[in-house]
There are 2 protein chains.
Amino acid sequence: MKNGEIYPPYTVGVDLGGTNTELAVVDAVGHIIARDSFPTAVPKRGAENSDSSPVVGDWADELATRINRMIRESGLEERIEGIGIGAPCANAVTGCIEAATDLPWPSPIALANMMESRLGIPVTVSNDANAAAIGEMTYGAAAGLKNFIVLTLGTGVGSGIVCDGHLMTGARGFAGELGHVTFPFADDRLCGCGRHGCLQTVASAKGIRLTAKRLLSDTERQSSLRDIPEKDMSPKVIEQAARNGDPLAAEVYEFTGRCLGLAAAEFAAFTDPEAIILFGGVSKAGDLLLEPMRKAFHDAALHLYRDRVRFLLSGVSDSDAAILGAASLPFIKI
Amino acid sequence: MKNGEIYPPYTVGVDLGGTNTELAVVDAVGHIIARDSFPTAVPKRGAENSDSSPVVGDWADELATRINRMIRESGLEERIEGIGIGAPCANAVTGCIEAATDLPWPSPIALANMMESRLGIPVTVSNDANAAAIGEMTYGAAAGLKNFIVLTLGTGVGSGIVCDGHLMTGARGFAGELGHVTFPFADDRLCGCGRHGCLQTVASAKGIRLTAKRLLSDTERQSSLRDIPEKDMSPKVIEQAARNGDPLAAEVYEFTGRCLGLAAAEFAAFTDPEAIILFGGVSKAGDLLLEPMRKAFHDAALHLYRDRVRFLLSGVSDSDAAILGAASLPFIKI
């Protein structure tokens with residue numbers, strides 16, 4: 001704060017991805033004031049040739065330099081409430097990246113400490129799904145809600161659970177792995193975790209593809225999807241076919257939505273949520289998922305929860321969702 | 001506080017049951033300093049004959065009189081931190097009893113307000129399972145833990161979930177209905193809620209009896225349980241038979257423990273707990289449940305949770321568990 005005046009808070013959000021690091025200064029209602037990005041694999045300092053491995057300290061130096069410059073150029077020195085970093089496998093409890101396979105450095109990485117010592121501003125780190133949940137609460141579909149679950153439907157299925165206004169982290173930061181709750185409807189599907197039946201095997205992009213491929217292989221039904229090469233069979237292509245009136249493609253989403261509704265009926269018994277929010281690439285199918293999800297939930301849920309849970313789509317702008325989720329992290333207490 | 005001195009806090013716990021109301025003054029480590037009880041169905045004031053229905057206000061007056069007397073006789077005036085009331089269907093969020101069928105008055109009952117206005121001391125109400133969870137955290141097996149789940153195994157199956165030190169209540173106070181999470185192992189069992197497959201249909205006293213009866217009816221195996229009349233087939237009788245070497249009786253608990261372990265493997269993905277604690281009548285079987293539970297959990301849980309969750313029995317004295325759970329309620333913030 002300058003001169004004891006009260007300003008609305010600003011934060012810096014950082015989205016650490018395997019390829020690029022994106023950063024932005026964000027105001028309290030989710031407007032991006034300034035943004036920047038750079039390749040995550042910063043070349044080793046002083047190395048002329050590129051065969052030496054990148055070093056995380058060089059990335060941290062580069063990020064600190066760019067954050068400081070961005071804040072200065074925005075005229076917001078001393079007005080930054082905190083810095084939030086969303087990163088794969090980042091643990092909000094320890095402040096570390098535990099075991100990320102798609103970053104150019106070895107894990108664990110003491111991310112929060114590393115950046116706090118360079119910047120002198122509090123740093124909160126979290127995995128993508130928890131950042132998405134706080135992003136929805138701060139700027140999106142969960143604004144004003146204290147009890148909700150965000151399901152991130154993408155390459156995998158993750159979740160961020162807010163109960164009584166608090167983001168659940170758990171004993172070691174591993175609360176909310178709802179993609180790995182198992183269900184009878186997926187019992188014959190092997191998950192990457194080595195177990196069978198995880199929600200992720202149905203409701204991820206890969207799960208959607210598998211559902212389509214099984215419907216194609218196990219029946220002789222006509223479908224425009226038969227003309228699509230396997231490598232092009234994305235959730236988006238299947239959605240488009242469904243919207244063009246292909247009944248088999250529609251059934252893929254009908255099944256996925258129904259499974260999500262059955263899963264939600266079990267999830268409700270944990271946290272009595274007001275809303276369950278779908279986030280991420282697969283959720284773009286919107287009503288194709290939400291309608292069977294609502295119906296299955298209504299049919300399956302305990303009477304206490306029936307008609308009490310809203311099913312919503314992410315309210316955070318698609319392209320900025322990761323960085324806004326990160327920018328919202330300083331507003332929570334872990 | 002008297003004269004600004006610091007005393008350790010005392011609370012009053014009230015266990016409101018269908019037949020009797022028990023009350024006690026309890027110190028900060030769970031010792032009962034004084035206790036009292038009276039019939040819940042207080043006769044209508046001034047009614048000479050007993051055909052008029054009891055009135056909840058008369059019960060509240062009687063309780064207030066007895067609480068004040070108990071505090072006064074203990075020499076603890078002005079040293080009571082708060083009053084906790086455990087009651088069937090009591091909702092911690094609203095302070096009301098919502099729809100209890102085994103109390104002599106119509107619901108809803110604004111229990112917290114009703115007692116606060118009579119006593120001038122803060123009153124916290126909660127259902128039995130949440131009171132059990134806070135009781136375990138305050139005086140029992142969960143002392144020092146911030147992430148645990150208490151499963152109450154009795155007539156039904158309830159639960160109290162503490163995550164990050166916070167008792168989860170949810171949007172309307174209905175968080176933690178884990179007895180109504182459904183599982184394939186119970187898919188052919190109809191629950192009192194009208195749905196099939198609820199954990200309660202296996203892990204309650206009724207569930208244990210059904211498992212035994214099915215093993216007896218579906219096989220010709222010899223068992224000492226065949227000599228027990230159906231009405232006497234309690235979990236305790238079955239436990240005793242198991243301990244006396246009856247293999248069929250042992251299998252009843254083996255199955256129940258295995259189901260609890262499979263359930264716990266799913267529950268872990270919600271809150272990343274340090275411990276899962278069994279509470280209530282059915283949990284008296286102890287190792288007969290815990291050993292298969294641990295094994296099934298180990299085989300079924302996601303690697304993140306495997307070997308990270310302890311399975312414990314309630315650490316609160318059996319006969320006083322309800323009243324101590326109630327007495328611990330003032331220590332939480334809802």
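Excluded from the calculations below are hydrogen atoms, water molecules and symmetry mates; all remaining heavy atoms, backbone and side chain alike, are included. So you know, we letter chains A, B, ... as the sequences are listed, proteins then strands, and number each from 1.
- Chain A forms more heavy-atom pairs under 4.5 Å with one residue of B/R172, B/K146, B/E274 than with any other, namely B/R172.
- The shortest distance between side-chain heavy atoms of A/M168 and B/M168 falls below 4.5 Å.
- Ring planes of A/F270 and B/F270: parallel class, angle under 30° (limits at 30 and 60°).
- For B/I161, the part lying near chain A is the side chain, with the backbone staying farther off; criterion is any non-hydrogen pair under 4.5 Å.
- Between B/T169 and A/D164, the closest heavy-atom pair is N-OD2, 2.8 Å.
- Contact annotation for B/F183: neither backbone nor side-chain heavy atoms come within less than 4.5 Å of a heavy atom of chain A.
- In this structure, no portion of B/A275 lies under 4.5 Å from any heavy atom of chain A.
- The part of B/N147 that comes within reach of chain A is its side chain, from C-beta onward, which places non-hydrogen atoms under 4.5 angstrom from that chain.
- Residue A/L304 touches chain B through both its backbone and its side chain, counting heavy-atom pairs closer than 4.5 Å.
- Side-chain atoms of A/R195 come within 3.5 Å of backbone N or O of B/A300 as a donor-acceptor pair.
- Side-chain atoms of B/E177 and A/Y305, non-hydrogen and from C-beta on, do get closer than 4.5 Å to each other.
- When heavy atoms are compared at a cutoff of 4.5 Å, A/F267 approaches chain B by way of both its backbone and its side chain.
- Contact count versus chain B (heavy atoms, under 4.5 Å) is highest, among A/L145, A/V162, A/L262, A/L178, for A/L178.
- Listed here is the closest heavy atom pair of A/G170 and B/C163: N-SG, 4.0 Å.
- Of the listed residues B/T271, B/L302, B/V181, the one with more heavy-atom pairs under 4.5 angstrom with chain A than any other is B/L302.
- The two residues A/P184 and B/P184 have their closest heavy-atom pair at CG-CG, 3.6 Å.
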